[in-house]
Amino acid sequence: MASRGRRPEHGGPPELFYDETEARKYVRNSRMIDIQTRMAGRALELLCLPENKPCYLLDIGCGTGLSGSYLSDEGHYWVGLDISPAMLDEAVDREIEGDLLLGDMGQGIPFKPGTFDGCISISAVQWLCNANKKSENPAKRLYCFFASLFSVLVRGSRAVLQLYPENSEQLELITTQATKAGFSGGMVVDYPNSAKAKKFYLCLFSGPSTFIPEGLSENQDEVEPRESVFTNEREGGAFERRGIQDHQTRRFPLRMSRRGMVKKSRAWVLEKKERHRRQGREVRPDTQYTGRKRKPRF
């Protein structure tokens, strides 16, 4: 187990670090749930998906399904991949709506080409930069991951991977292997001047290079958006330095922006039940009491 002050990935493989004790934190710790949900919302925003159109998405390192639940709330279908049995067990207990798969992303993503309309990942990719066995090569595992990810995505779609790089060399390793696999894209950084709130989002394009989404800032007139971009046309896949986008993490209210429904409202409950019926699940009939708030019991 990692000592205090060390990064989690230094303490051993993820399937051991994310044991039952650690998994319970992701369903009981309200602060952790809030942070994971906000990062999932930011990643989904950066995907730039079509408005009011359900998409089939891949969630790499899905854990207990917190990010997947956000995808479901936004009307999308998803499949989650994670290496930790304990985290997936918690996701099953939460009765999340997506499909779950136990697997190691460093060994590739086992789906047919062109399966997914997009991909998100929250705090997972940096684990591939560490070798836990003599036989593991971080560069090869990263390339295997990115090559298989490039294959399973629909051409022209995006992948947004939130990660915590340990240093610039590790970030260069990740982007180089992504470029070798065929991706182009750029790095979006939230709160670049904050030690705690700083977040890295690697935006990958599986088709022709396109624009990097503009950053968010409280003072849009004072801050000029900038980005760090790389393409797969340059030798070695190095960054084309153009600064770092200066923006702030968006705060997502309970109101779902795409469909204008308040979470847990009658309309939200009816829509969720109808989605379950389309998936073939057993759902109770709708009545006048469906979605009705119950008075607290004393």
Side-chain angles (χ1 to χ4, degrees), residues 8 13-20 22-29 32-47 49 54-128 141 144-146 148-154 157-164 201-202 204 206 252 272 275-276 278-281:
E15 62 269 29
L16 297 183
F17 177 82
Y18 291 105
D19 54 13
E20 294 181 0
E22 194 70 20
R24 281 193 291 269
K25 296 180 183 178
Y26 282 81
V27 295
R28 297 180 180 179
N29 188 312
M32 188 174 293
I33 293 173
D34 180 66
I35 292 174
Q36 291 286 316
T37 302
R38 293 183 189 278
M39 289 192 295
R42 181 67 173 135
L44 183 60
E45 179 186 32
L46 293 173
L47 277 182
L49 297 173
C55 296
Y56 193 46
L57 304 177
L58 176 64
D59 185 2
I60 299 294
C62 64
T64 60
L66 295 177
S67 52
S69 294
Y70 187 91
L71 297 179
S72 296
D73 288 345
E74 289 295 309
H76 300 294
Y77 303 97
W78 58 279
V79 174
L81 174 70
D82 202 279
I83 196 173
S84 168
M87 296 287 272
L88 293 179
D89 286 343
E90 289 289 346
V92 172
D93 291 341
R94 293 180 59 240
E95 299 182 350
I96 50 88
E97 298 181 23
D99 296 318
L100 302 174
L101 178 65
L102 178 65
D104 179 6
M105 59 181 171
Q107 296 181 357
I109 303 171
F111 289 94
K112 294 181 179 179
T115 298
F116 298 101
D117 300 313
C119 170
I120 69 168
S121 178
I122 307 299
S123 310
V125 176
Q126 71 272 3
W127 284 89
L128 294 178
R141 283 171 56 78
C144 181
F145 164 65
F146 283 120
S148 60
L149 178 60
F150 187 87
S151 174
V152 302
L153 290 176
V154 173
S157 60
R158 298 185 178 195
V160 177
L161 315 176
Q162 185 276 327
L163 64 153
Y164 292 104
Y201 295 88
L202 180 60
L204 301 176
S206 63
F252 293 87
K272 183 176 180 180
R275 189 163 66 246
H276 281 188
R278 291 196 299 267
Q279 295 174 351
R281 300 188 183 186

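Quick note: numbers below take in every heavy atom, side chains included, and nothing from hydrogens, waters or symmetry partners. Counting begins at 1 with the first residue of the sequence.
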**Prompt:** Would S123 and Q36 satisfy side-chain contact (heavy atoms from CB on, under 4.5 Å), going step by step from the backbone distance to the final call?
**Reply:** CA-CA 9 Å; S123 310; Q36 291 286 316; 4.3 Å; yes
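- Annotation: the span from E74 atom CD to L47 atom CG amounts to 11.5 Å, rounded to 0.5 Å.
- Put simply, the side chain of S69 reaches to within 4.5 Å of the side chain of R94, judged on heavy atoms.
- The closest side-chain heavy-atom distance from L44 to H76 is below 4.5 Å.
- At a threshold of 4.5 Å between non-hydrogen side-chain atoms, the residues L202 and L163 count as touching.
- Annotation for G61 and D82: closest pair C-OD2, 3.2 Å, computed over non-hydrogen atoms.
- Taking the salt bridge (charged side-chain N to carboxylate O under 4.0 Å, His left out) definition, one finds that D117 meets it with nothing, sequence neighbours left out.
- In this structure, the side chain of S148 does not engage the main chain of G108 through any donor-acceptor pair within 3.5 Å.
- Heavy-atom minimum distance, G68 versus D59: N-OD2, 3.6 Å.
- How far CG of L101 is from CG of L81: 5.0 Å, rounded to the nearest 0.5 Å.
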**Chi angles and distances behind the side-chain contact (heavy atoms from CB on, under 4.5 Å) call for I120, L71** = CA-CA 10 Å; I120 69 168; L71 297 179; 4.0 Å; yes
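- We find the CG-CE distance between L149 and M105 to be 11.0 Å, quoted to the nearest 0.5 Å.
- In this structure, Y77 has its ring center no closer than 6.0 Å to that of Y56.
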**Request:** Show the numbers, then the answer: is there a side-chain contact (heavy atoms from CB on, under 4.5 Å) between L204 and F150?
**Result:** CA-CA 9 Å; L204 301 176; F150 187 87; over 6 Å; no
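- Nearest heavy-atom pair across A91 and I96 is O-CG1, 3.3 Å.
- Shown here for Q162 and M39, the closest heavy-atom pair between the two residues is CD-SD, 3.6 Å.
- D19 places none of its side-chain heavy atoms less than 4.5 Å from the side chain of L16.
- The CD atom of E22 lies 11.0 Å from the OG1 atom of T64; values are rounded to the nearest 0.5 Å.
- When side chains are defined from C-beta on, I109 does not count as touching T115, because their heavy atoms never get closer than 4.5 Å.
- Looking at every heavy atom in both residues, Y201 comes nearest to A43 through CE2-N, 4.2 Å.
- Put simply, the side chain of S84 gets close to the backbone of Y18: a donor and an acceptor are under 3.5 Å apart.
- Ring geometry for W127 versus F17: interplanar angle of 30 to 60°, hence tilted.
- Side-chain atoms of R158 and L46, non-hydrogen and from C-beta on, never get closer than 4.5 Å to each other.
- Counting only heavy atoms from C-beta outward, the side chains of L161 and F146 approach each other to under 4.5 Å.
- E90 places none of its side-chain heavy atoms less than 4.5 Å from the side chain of Y26.
- Nearest heavy atoms, V154 versus S206: O-OG, 3.1 Å.
- In this structure, F116 CZ and S151 OG are separated by 11.0 Å, a value rounded to the nearest 0.5 Å.
- Q126 places a side-chain N or O within donor-acceptor distance of the main-chain N or O of Y164, the cut-off being under 3.5 Å.
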**Item:** Worked verdict on E45 versus V160 for side-chain contact (heavy atoms from CB on, under 4.5 Å)
**Value:** CA-CA 9 Å; E45 179 186 32; V160 177; over 6 Å; no
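- Rounding to the nearest 0.5 Å gives a distance of 9.5 Å between CE of M32 and CG of L66.
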